[in-house]
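Everything on this sheet refers to the single structure shown next.
The shown structure was predicted, so the numbers you read here are calculated from the model rather than taken from an experiment.
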Number of protein chains: 2
Amino acid sequence: MGNRNRRGPYVCGIDAAMDVVSGKWKALILWELDHHGVRRFAELRRGLPGVSEKMLVQHLREMEDDGLVHREVYREVPPRVEYSLTGHGRSLNEALAPLGEWGRGRIGRIGAERLRVEAAR
Amino acid sequence: MGNRNRRGPYVCGIDAAMDVVSGKWKALILWELDHHGVRRFAELRRGLPGVSEKMLVQHLREMEDDGLVHREVYREVPPRVEYSLTGHGRSLNEALAPLGEWGRGRIGRIGAERLRVEAAR
DNA sequence: CTGCATCCTGAGGGATACTG
DNA sequence: CAGTATCCCTCAGGATGCAG
């Protein structure tokens with residue numbers, strides 16, 4: 001399964017943060033949970049179009065191990081599991097905010113460039 | 001060679017930023033160039049212990065394509081090439097700063113945890 | 001509904017040798 | 001010095017099927 005190797009030693013802070021955030025859907029999961037507060041498994045799945053069950057579970061488990069996500073299991077039938085961010089997870093999201101801002105600027109740049117290219121031909 | 005696919009469409013800013021930053025050494029290259037201002041190829045290589053020539057060149061080329069790095073070639077013998085950050089690259093570095101801070105905090109946390117574990121046995 | 005087990009692929013990355 | 005060119009391998013991630 002998800003092997004969860006690495007986890008240090010890290011050469012710098014970025015390195016440590018990237019180790020926790022890298023994974024195709026993790027940033028999105030972070031955003032989704034931060035935005036909605038609490039989400040069930042199926043809700044997350046719907047909120048992340050294209051994610052497979054396997055990757056969603058795997059990412060959630062790793063994020064739980066990393067102390068970013070809290071997993072609350074209700075022993076019912078049918079089963080219900082709710083995911084939410086821990087304080088640590090929320091702080092990561094805040095630290096990620098400027099990067100998101102930068103990325104949005106970059107998307108704008110690319111869009112503008114693309115428009116110029118298309119106009120040129 | 002480095003195929004450089006992706007580059008959008010992006011679902012959010014983080015997504016776009018991660019696309020540019022992911023790559024085992026990119027954050028470190030960013031930091032190295034920001035810290036030293038201008039670096040030659042061999043200097044970067046020495047500053048990133050463990051990087052292979054292939055990956056260093058590949059990452060630098062991609063970062064150049066992404067408008068983060070400026071590459072100045074001096075046609076001399078022996079050849080000299082100097083790398084530096086563009087304004088866009090410096091702005092990315094700034095956007096990365098809070099994440100680095102968060103990562104350093106996490107390293108501290110892990111260290112403390114490890115100490116507790118080692119003390120317990 | 002919320003997962004776990006399995007198999008498989010492809011891209012990212014390492015090692016090594018060669019060149020202008 | 002500053003790269004190219006090749007080969008190889010690992011492993012994140014996708015597809016599918018089964019289970020409590």
In this structure, how many angstroms lie between the [atom2] atom of [N] and the [atom1] atom of [X], rounded?
{"X": "Arg71(A)", "N": "dT2(C)", "atom1": "CZ", "atom2": "C1'", "answer": "8 Å"}
{"X": "Leu56(B)", "N": "dG12(C)", "atom1": "CG", "atom2": "C1'", "answer": "16 Å"}
{"X": "Glu62(B)", "N": "dA11(C)", "atom1": "CD", "atom2": "P", "answer": "14 Å"}

- Are any of Arg75(B)'s side-chain N or O atoms less than 4.0 Å away from OP1 or OP2 of dG20(C)?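 The answer is no; no side-chain N or O of Arg75(B) sits under 4.0 Å from OP1 or OP2.
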- Closest listed nucleotide, where the reference is the side chain of Lys54(B) and the choices are dA15(C), dG3(D), dG20(D):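 In terms of side-chain proximity for Lys54(B), the closest of dA15(C), dG3(D), dG20(D) is dA15(C).
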- Query: Looking at the side chain of Lys24(B), which of dG14(C), dC1(D), dC4(C) is the nearest nucleotide?
  - Reply: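 Given the options dG14(C), dC1(D), dC4(C), the side chain of Lys24(B) is closest to dG14(C).
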- Message: Do Glu64(A) and Arg61(A) make a side-chain contact, defined as non-hydrogen atoms from C-beta onward lying under 4.5 Å apart?
- Response: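 Yes - at least one pair of side-chain heavy atoms lies under 4.5 Å apart.
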- Message: Can you tell whether the side chains of Glu62(B) and Lys26(B) come within less than 4.0 Å, N to carboxylate O?
- Response: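 Counted as a salt bridge, because a side-chain N and a carboxylate O are separated by less than 4.0 Å.
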- Could you tell me whether Glu72(A) and Arg80(A) make a salt bridge, using a distance below 4.0 angstrom between a side-chain N and a carboxylate O?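 Looking at Glu72(A) and Arg80(A), the cut-off is not met.
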- Query: Going by number, which of residues 41-53 of chain B have a non-hydrogen atom under 4.0 Å from DNA chain D?
  - Reply: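 Going residue by residue through residues 41-53 of chain B, the ones with a heavy atom under 4.0 Å of DNA chain D turn out to be Phe41(B), Ala42(B), Glu53(B).
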Would you give me the side-chain donor-acceptor pairs under 3.5 Å for residues 32-53 of chain B, sequence neighbours excluded?
from, atom 1, to, atom 2, distance (Å)
His36(B), ND1, Glu32(B), O, 3.1
Glu43(B), OE1, Arg40(B), N, 2.7
Arg45(B), NH1, Val51(B), O, 3.1
Ser52(B), OG, Met55(B), N, 3.2

- Message: What contact category does Tyr83(B) fall into here, base, sugar-phosphate, or nothing, at under 4.0 angstrom with non-hydrogen atoms?
- Response: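 Sugar-phosphate, no base atom in range.
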- Item | Qualifying ring pair (Phe, Tyr, Trp, His ring centres under 6.0 Å) pairs, either residue in residues 70-113 of chain A, two or more places apart |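 Listed once each, the pairs are His88(A)-Trp102(B), Trp102(A)-His88(B).
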